[in-house]
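When reading the values below, keep in mind they use all heavy atoms of this one structure, side chains included, and skip hydrogens, waters and symmetry mates. Ligands are counted one by one from 1 in listed order, and the atoms in each one are counted from 1 as well.
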Amino acid sequence: MNKATVSYFLQIFSEARCIQCGRCLEVCPVFLVTNAEELSPRAKAVLLQNMDFLARVQSSGSRLTNNVRALAGLCVGCGRCARVCPQQVNIPALLSKIKSLSPGWKDWFWERLIKYGFCVATQDWLEPVLSMFLSAGRKKYLTALRRPETARPWLKIKGRAPEAERVVVFPGCLGRFAWPHLQEKAEKLLKNLGYELLPTPDWACCGFTFKSAGLLEEEKRCQQINFSLWERLGRPKIVTFCATCEQGLLNSSFAEFQQHIVFFDNLLATAAWEIDTDIFQSDFRILWHKPCHAREHEFKLWQKKFEKAGVKLDLNKDYCCGLGGSLQIEARDLSRQVSDFFWLNLDINSKTHILSSCNGCVLQLRATRPEHVQVSHWLEIVKQEA
Ligand code: SF4
Ligand code: SF4
């Protein structure tokens with residue numbers, strides 16, 4: 001191992017300053033469904049602190065790669081542990097750094113992504129080909145990607161922006177390639193609210209997925225591309241409708257870029273909500289699914305707006321939906337366990353409609369939901385004004 005790598009490892013180990021308080025155990029979805037201490041964030045922190053085995057196996061590529069895969073595959077990357085840790089131990093960030101150093105990790109990860117059809121599923125001609133090779137569970141993801149459900153829109157958002165600011169939409173990869181109707185709706189809504197809308201450029205990925213996958217060079221490349229595009233547009237406000245993309249963009253190493261990121265609901269704060277109450281027959285329930293990466297106050301804003309329009313909006317039990325991190329790729333059974341736990345503990349009936357603000361959560365919930373439950377991104381229930 002060369003000196004630079006050794007010092008990089010030492011830096012990672014020194015960031016895992018775990019005092020074993022156990023606070024992260026209460027929030028970790030993997031620990032919640034398995035009750036296995038060895039899969040908990042605390043165990044990962046302790047392991048990282050004592051990872052001299054990494055140094056030993058660095059000379060043996062395959063062993064290191066296997067160890068890294070094993071560790072990385074047991075985290076959903078939700079970041080809940082980091083938010084409660086009194087020592088600021090950030091397990092997903094540390095795992096990401098470790099993965100980035102693993103020989104062969106990058107090739108292995110891309111191979112898996114392609115195998116499961118995540119990155120090519122938007123190509124029309126590939127759907128029938130992929131369908132022949134995917135398991136029934138994976139096909140559901142492909143269907144959710146390729147054929148989004150169409151809910152009847154029942155929310156009208158009206159108002160004028162306090163000032164006609166220049167804005168540009170960041171739709172995220174799903175919003176751009178798989179579900180362009182979300183991008184169209186977002187742009188129309190902003191125009192109707194009086195914002196000066198700039199044309200959406202060829203954004204690169206927000207970088208979040210690359211970061212959690214340990215592909216840090218790719219993340220950096222995306223940040224650079226997005227920064228250049230934003231500069232060329234004259235530095236407008238960047239509006240995103242995906243909670244996870246917002247986090248990805250906020251990780252940008254360009255401070256000025258970061259300062260111009262606005263989440264969509266902040267622009268809607270002064271607008272009025274009008275809801276078609278005729279859709280609310282008896283037993284109709286609307287649940288808000290809070291994405292792991294959403295800001296704390298997001299649900300409160302939505303709840304307040306719905307209440308003003310005379311409709312109760314409930315929060316689900318704040319469980320992780322099971323998408324994210326490498327769990328889907330490496331430990332699919334564990335991912336399924338997290339997802340099953342989510343649905344088992346949700347108070348749903350045959351007329352439940354789940355709304356969310358993360359493109360990835362919407363995909364995951366649609367691919368795993370019981371048939372009678374409807375799942376939408378909130379933009380899909382917004383009525384389109386002419
Ligand atoms: S919350 Fe932080 S300090 Fe406490 S056990 Fe978890 S990782 Fe360790
Ligand atoms: S990021 Fe989420 S899944 Fe991973 S260890 Fe932390 S709480 Fe558990």
Among A82, G77, C85, C75, closest by heavy atom to atom 4 (Fe) of ligand 2 is C75

Would you say C78 reaches atom 2 (Fe) of ligand 2 with an N/O/S atom under 2.8 Å?
-> yes

K220 atom NZ, neighbour heavy-atom count above 12 within 6.0 Å = no

So does E37 pair up with R42, basic N to acidic O under 4.0 Å?
-> yes

Establish, from distance only, whether the side-chain atoms of T240 and E246 form a donor-acceptor pair under 3.5 Å.
-> no

Identify, by atom number and element, the atoms of ligand 1 in contact range of I19, meaning under 4.0 Å from any of its heavy atoms.
-> 3 (S), 8 (Fe)

Where ligand 2 meets C28 - atom numbers and elements under 4.0 angstrom, heavy-atom basis = 3 (S), 7 (S), 8 (Fe)

Distance from L379 atom CG to E184 atom CD, nearest 0.5 Å?
-> 11.5 Å

Any heavy atom of G22 sitting closer than 4.0 Å to ligand 1?
-> yes

For ligand 1, which atoms sit closer than 4.0 Å to a heavy atom of C18?
-> 3 (S), 5 (S), 7 (S), 8 (Fe)

In terms of residue, atom name and distance, what is the protein heavy atom nearest to atom 6 (Fe) of ligand 1?
-> C24 SG, 2.3 Å

Pair K290 + E298: basic N to acidic O under 4.0 Å | no

Quick note on ligand 2: atoms under 4.0 Å from a heavy atom of P92 include exactly 1 (S)

Ionic contact status for K156 with D276, cut-off 4.0 Å | no

